[in-house]
Amino acid sequence: MDNFLDDLNDSQREAVCFNDGPSLVVAGAGSGKTRVLTYKIAKLIEDGLRPSSILALTFTNKAAREMKERIGKLVGEENAKKLWMGTFHSIFGRILRKEADALGFNSDFTIYDSHDSHNVVKAIIKERKLDDKVYSPKKVASRISEMKNELVSPEAYAAKSAYHDYDVQQRMPLFNEIYRQYCQRCKDANSMDFDDLLMFTNVLFRDNPQILAKYQNIFKFILVDEYQDTNFSQFLIVKKLAQKNKRICVVGDDAQSIYSFRGARIENILNFEDTYKDDGVRVIRLEENYRSTPNIVAAANSLIQKNTKQIKKNVFSSKEQGAPVAVLSSYSDFEESTKIAGIIKNILAKDKSLTYADFAILYRTNAQSLTFEKTFRTNNIPYRLWGSTSFYERGEIKNVLGYLRLIINPNDEEAFKRVVNYPTRGIGDTTIGKILDVAHEKRVSAWSVICDPVAMGLSVNAGTVVKLSGFRELIERFIAKKEELDAYELAEIVIHQSGVWADLQKDKSPEGMSHKQNVEELLNSLSASAVSHLESDGEPYMLGDFMAEVALMTSMDDDDSASNEKVTLMTVHAAKGLEFKNVFVVGVEENLFPSQMSSGTEDGVEEERRLFYVAITRAEKFCVLSYAKSRMRNGAPSISNPSRFIKDIDSSLLNFDLAPDYLSLYSRVNSKAQLDKNNHTLTSSYKVNPVRTQPRFNVRPLEVEGKTSGGLIGGIPQNKPRRLAPMPSALSSGPSGEGVDVKVGDKVVHPQFGHGQVVKIEGLGTPMPKVVVAFDAIGEKTLILKYAKIKVIR
DNA sequence: ACTAATAACATTTTT
DNA sequence: TGTTATTAGT
């Protein structure tokens with residue numbers, strides 16, 4: 001362990017080693033915060049703390065996964081596995097399932113995603129026959145979310161007249177009623193939305209001191225990553241849990257707090273020192289930036305200095321000075337994208353060590369990606385779109401998940417609505433409407449209604465009753481098997497017996513084929529998870545396990561392996577935590593960045609400035625700030641001015657001298673005196689010669705992969721790149737083992753497990769025979785033949 | 001129950 | 001402009 005500490009600078013080491021009280025680690029951009037967190041946890045374990053008594057909270061699954069992996073390398077997989085490490089939502093979701101009784105919930109509650117929540121709100125507004133222009137479901141849903149994050153229950157809301165006054169002012173006097181009904185609806189469906197996972201944790205701890213005490217004792221040390229993005233609800237959970245031991249370390253960067261619109265409170269980090277001032281709190285600053293050149297760091301610093309709300313720090317870089325941050329001016333959004341395409345090509349032509357993957361285009365709004373997509377396609381620049389629709393958000397996957405949700409929690413109304421008539425089984429909108437009316441009136445679930453339509457007073461004709469009981473029996477048959485079959489086996493049966501597979505089979509269009517393949521991929525993924533779970537835990541992977549996880553997955557958890565050698569296109573928000581050698585921040589214009597919606601208030605502008613800070617600090621070597629004088633906005637052309645943020649940056653750190661020949665961007669560096677003064681030197685990689693950057697002809701559409709799985713989805717050519725996420729990693733393995741003819745004694749090779757020999761074949765003649773292979777490296781494993789990626793060596 | 005038409009909309013979105 | 005969701009019509 002001691003030698004690990006040698007990898008750290010002084011402040012990093014202090015952050016790792018101070019474990020006797022609360023600490024705030026202010027981690028500037030690129031300052032090695034993850035390293036500190038992982039080493040710190042490793043040190044705690046080495047110092048004798050049991051991994052199972054450490055709670056480490058992150059905001060993304062990805063962050064948790066990566067950190068766990070790195071800790072595993074330091075202190076062993078076994079230890080890393082026992083850590084309570086995960087997102088706020090997954091950790092407290094787990095605790096809520098365990099303690100569901102205390103809240104009057106069933107431990108099999110469904111997690112409603114934002115789509116589900118939105119639908120519930122919409123349904124309530126429709127039922128109440130309210131004007132959805134006044135009561136915009138979107139506004140109502142976000143207000144509900146906001147209130148939950150602030151821990152304001154419908155009752156507390158009603159008790160405070162200021163809330164009602166606000167609603168009247170918003171012309172939504174009935175908001176409180178809708179809020180109340182929404183909560184009721186969720187409860188009746190045994191469901192919690194994302195915000196509930198945190199809110200009910202607070203309720204649990206508030207109303208059950210003995211349960212709070214239990215977890216205070218379990219968690220001897222608490223770590224929180226990205227603390228600047230915690231909301232009030234999260235702040236309070238952490239505070240309560242840390243109250244007893246006061247051994248808490250939060251890590252974050254106030255300068256990168258960019259999620260206030262989701263309830264994040266920058267005050268949490270700004271006031272941390274004060275919150276724990278009586279407990280020997282220590283504030284440690286990580287100020288050396290290991291990512292970017294001094295030029296980029298200085299530019300970012302000069303920008304963020306314009307903010308009033310911030311913790312004082314002095315971020316610096318010891319790398320080579322590098323090129324100044326460049327400002328690129330264009331006449332239109334189209335020209336902007338074309339110039340940048342040219343610059344990328346030029347840089348690549350000059351510096352062979354770089355690939356397309358070393359470039360990122362960062363924009364404020366998703367709509368801006370379009371121009372770049374078009375231009376990159378015509379210029380044969382491969383790209384990937386980041387952060388669009390996740391695998392689990394595809395319609396065909398949601399249909400299957402609808403069935404699976406219903407099996408675990410039949411009261412799940414959103415799942416019920418999704419699949420009761422899919423595939424079509426003659427249960428139309430009228431019938432569904434009647435069922436829901438009865439359910440809502442009696443305050444029971446839709447499922448309860450179809451379980452006993454007569455007793456519930458459902459007035460439908462005899463034929464419909466038969467259809468309904470057919471559906472009920474179908475689901476009940478699945479439910480009967482949920483404990484005896486694992487997640488994969490059950491899902492396989494569900495897909496076939498529900499008629500989903502037959503329905504997919506009918507559609508022969510390219511889209512239909514891809515839907516079918518996605519469902520197959522879901523099965524592959526389940527199969528892989530089932531196998532690996534059995535491997536590592538010795539426990540089968542049950543449907544309930546999968547359902548608890550899947551609701552908390554996002555597009556960020558999807559596989560990224562197809563992203564090599566591609567320029568990344570993404571929003572600045574999505575870029576937080578990432579780094580690229582070359583970054584183009586585009587659309588750096590007033591009313592766009594800062595966004596018009598935010599420029600009304602000082603707080604709003606400050607957050608936009610932090611966002612801009614995040615954008616600049618993603619760059620390792622070269623950063624371009626680009627603006628266009630006109631761009632298409634919502635169909636119409638609009639004129640824009642350069643962003644105020646360009647003026648916020650110390651102009652001596654900028655290179656404005658780009659027009660009309662943008663290539664002077666690179667050549668100017670050595671010639672101007674002000675740059676010499678600052679000792680700016682330019683690495684050879686950025687000195688490029690002018691070459692023609694725009695091909696005259698529109699070459700055939702590029703193969704574009706990744707989030708735009710436009711290229712080839714399972715070999716099916718698609719004309720237009722579509723904005724879809726790639727498969728989650730486990731899903732990437734196609735059923736290549738299909739048709740593999742193995743027999744006992746065969747030597748086989750597996751991409752992950754290496755070489756081995758077939759010991760046994762089970763379940764021959766069943767839909768999914770399994771094969772037991774003794775691998776040289778890791779011993780015996782049971783694989784599902786159809787999905788195992790094994791090759792026979794003859 | 002499906003399709004075609006049209007109306008409404010368009011910051012950001014770790015869960 | 002481009003997408004999405006609802007609605008009308010067959």
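Quick caveat, the model's predicted, so the values are computed rather than measured. Per chain, numbering begins at 1; letters A, B, ... match sequence-line order.
A salt bridge between A/Lys309 and A/Asp603 is present, with a side-chain N of the basic residue lying under 4.0 Å from a carboxylate O of the acidic one. Here A/Arg609 pairs with A/Asp648 in a salt bridge; the nearest charged N to carboxylate O distance falls below 4.0 Å. With salt bridges taken as basic N to acidic carboxylate O contacts below 4.0 Å, none links A/Glu606 and A/Lys306. Comment: A/Glu579 engages A/Arg291 in a salt bridge, judged by a side-chain N to carboxylate O separation of less than 4.0 angstrom.
When each of A/Arg425 and A/Ala264 is assigned the nucleotide of DNA chain B with its nearest heavy atom, A/Arg425 is the one assigned upstream, toward the 5' end. Comparing A/Thr87 and A/Lys138 by the nucleotide of DNA chain B that holds the closest heavy atom to each, the one mapping nearer the 5' end is A/Lys138.
A/Asn421 comes within 4.0 angstrom of sugar-phosphate atoms only, judged by non-hydrogen atoms across all strands, and of no base. Among the protein residues, A/Asn61 comes within range of the sugar-phosphate backbone only, with heavy atoms under 4.0 Å from sugar or phosphate atoms but none that close to a base. Residue-level contact check: A/Phe88 touches neither bases nor backbone, having no heavy atom under 4.0 Å from any strand.
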**Message:** Before you tell me yes or no, could you show the steps for A/Asp503 and A/Tyr422 under side chain to side chain donor-acceptor pair (under 3.5 Å), namely the whole-Å CA-CA distance, both residues' side-chain angles and the distance that decides it to 0.1 Å?
**Reply:** CA-CA 9 Å; A/Asp503 184 71; A/Tyr422 173 79; 3.0 Å; yes

**Message:** Please evaluate residues A/Asn461 and A/Thr464 with respect to the criterion side chain to side chain donor-acceptor pair (under 3.5 Å), reporting the C-alpha separation (whole Å), side-chain torsions for both, the decisive distance (0.1 Å), and the verdict.
**Reply:** CA-CA 5 Å; A/Asn461 62 43; A/Thr464 307; 2.8 Å; yes

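When the C1' atom is compared between C/dT6 and B/dT11, the two are found 24 Å apart, to the nearest whole Å. Only the P atoms considered, B/dT12 is 15 Å distant from C/dA5, to the nearest whole Å.
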**Message:** Can you build the contact string for nucleotides 4-10 of chain C? Use B for base contact, S for sugar-phosphate-only contact, and - for no protein heavy atom under 4.0 Å.
**Reply:** -SS----

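For DNA chain B, the outermost nucleotides in 5' to 3' order that have an atom under 4.0 Å from a heavy atom of chain A are B/dA1 to B/dT15.
A/Asp131 CG: more than 12 foreign heavy atoms inside a 6.0 Å radius.
Contacts between residues 589-617 of chain A and DNA chain B, defined by a heavy-atom separation below 4.0 Å, involve A/Ser595, A/Met597, A/Ser598, A/Glu608, listed by number.
Glycosidic conformation at B/dT12 (O4'-C1'-N9-C4 for purines, O4'-C1'-N1-C2 for pyrimidines): anti, more than 90° from 0.
Judged purely by atom type and a 3.5 angstrom limit, A/Ser330 has no side-chain atom pairing as donor or acceptor with the backbone of A/Ser332. A/Gln256 places no side-chain N or O within 3.5 Å of a backbone atom of A/Arg610 that could act as its donor or acceptor partner. Remark: side-chain polar atoms of A/Asp196 are not paired, donor with acceptor, to backbone N or O of A/Met199 under 3.5 angstrom.
If you measure from atom CD of A/Gln368 to atom C1' of C/dG2, you get 15 Å, rounded to the nearest angstrom.
Centroid-to-centroid, the aromatic rings of A/His573 and A/Phe261 come within less than 6.0 Å.
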